Amino acid sequence: MNQVTHTKPRPKFVEVLLADKHSIPLSIALHLVPGALIVAVYAFVAAPLVRAIGYPPFLAWAVALAVVLFPLLLGMAWLGKQATGRYCLRGGALQYMDRPVPRGKLIALISFCLVWMTVVSLSLTPLDNFLYDNAFSWIHYAGTGDSATSYLNGYSQQKLLTTLLICGPFTGWFLPLIEEYYFRGFLLPRLAQLRGWAPFFNVFFFSVYHFWAPWTVLSKLVFLYPGVHLAWKKRDIRISIGMHPGSALLLTVVGVIAVAMGRTSL
């Protein structure tokens, strides 16, 4: 007698998350819920802790991001196990990871996007400041202000340098990398029903996900869109990874050097 092997059916929510397409309401929720959780962790856990030890609010935001994003990474690996039988990102829940773009072209595209994001984001800082002063000054997170580095300003060189050295590997690479895996590797490919509007949708709600800085939504739309559009068009997440974590790493290195040389206001 032949023995029949029964495969245990996957839970319904897993089927929904791993489906080729997410509904628009589900996708909006998946874009925004992590941001709401980050704000909650900041407000109720990280901010009181960091305030008690007298360090910049930047450290509290880094803690809040890590508390939410690292479990999100594990969740994506777990979904990979549901899809393939082993914990994984590539070949599991994430797409755009087959590396279709040749190395030379990839370097050129990343270089363009990296320069674009760095230069344009800095150039649009006056827009962020204007929107904060005229529409969002009622937001009173510690360190909030009309400066991109207000979360760091006003502390001693020793505390600034310690904060940047602790946070640097995370805010300068690992956390933006997890965001790219989640927003561009997991969510973006499942918006096929939007066709050419998918990158805009993804960038818009990724910008809104930063609930702690809503005055930066417009500037993020401008400086993030090219890299996300290219990652979507070429189906290669390495483009947006090179742009987003790459730019964060560059600015982190510059910041550490500046503080080490005596700058206490960035």
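FYI, side chains are in, hydrogens and waters are out, and symmetry mates aren't considered; it's all heavy atoms of this structure. Model, not experiment: these values are computed from the prediction.
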Under 4.5 Å between side-chain heavy atoms, hopping through other hydrophobics if needed: is there a path connecting V33 to V39? yes

For the residue pair I239 and R184, establish whether any side-chain heavy-atom pair is separated by less than 4.5 Å. no

For the side chain of T216 and the backbone of S219, is there at least one donor-acceptor N/O pair under 3.5 Å apart? no

Connected via hydrophobic side-chain network under 4.5 Å: L221 and L114: no

Among the clusters formed by ILVMFWY side chains lying less than 4.5 Å apart, do F223 and W215 turn up in the same one? yes

Angle between ring planes, Y42 versus W61, binned at 30° and 60°: parallel, tilted or perpendicular? parallel

With a 4.5 Å cut-off on side-chain heavy atoms, are L17 and R190 touching? no

Please check if the side chain of Y182 supplies one atom and the backbone of P34 the other of a donor-acceptor pair under 3.5 Å. no

Backbone N or O of K21 within a donor-acceptor pair of the Q193 side chain at under 3.5 Å? no

With a sphere of 6.0 Å drawn around CG of N134, does it hold more than 12 non-hydrogen atoms of other residues, nucleotides or ligands? yes

Hey, do the aromatic rings of H244 and F183 have their centres closer than 6.0 Å? no

Are any side-chain N or O atoms of T118 and backbone N or O atoms of V115, one a donor and one an acceptor, separated by less than 3.5 Å? no

Of all heavy-atom pairs linking K105 and K234, the shortest is NZ-NZ, 3.2 Å

Between V259 and L164, is there a side-chain heavy-atom distance shorter than 4.5 Å? yes

State whether Y96 and R238 meet the cation-pi test: NZ (Lys) or CZ (Arg) under 6.0 Å from the six-membered ring centroid, and within 45° of the perpendicular axis. no

ring-ring contact (aromatic ring centres under 6.0 Å, His included) assessment of H229 paired with F200: CA-CA 8 Å; H229 176 81; F200 180 85; over 10 Å; no

On a heavy-atom basis, which atom in L18 and which in A83 lie closest, and how many Å separate them? CD1-CB, 4.0 Å

So do H22 and F186 actually touch side chain to side chain, heavy atoms under 4.5 Å? yes

Inspect the surroundings of CH2 in W116 and state if more than 12 heavy atoms from other residues, nucleotides or ligands are less than 6.0 Å away. no

Set out, in order, the CA-CA distance, both residues' side-chain angles and the distance that settles side chain to side chain contact (heavy atoms under 4.5 Å, CB included) for M97 and R235, then state yes or no. CA-CA 8 Å; M97 300 187 75; R235 302 178 64 85; over 6 Å; no

Sorted by chain and number, sequence neighbours left out, side-chain contact (heavy atoms from CB on, under 4.5 Å) with L32 holds for I28, F205, V208, Y209, F211

Do any N or O atoms from the side chain of N202 and from the backbone of A198 form a donor-acceptor pair under 3.5 angstrom? no

Classify the ring geometry of F170 against F70: parallel below 30°, tilted from 30° to 60°, perpendicular beyond 60°. perpendicular

Counting only N and O atoms by type, is there a donor-acceptor contact under 3.5 Å from the side chain of S123 to the main-chain atoms of V119? yes

Heavy atoms, side chains only, cut-off 4.5 Å: are D98 and D236 in contact? no

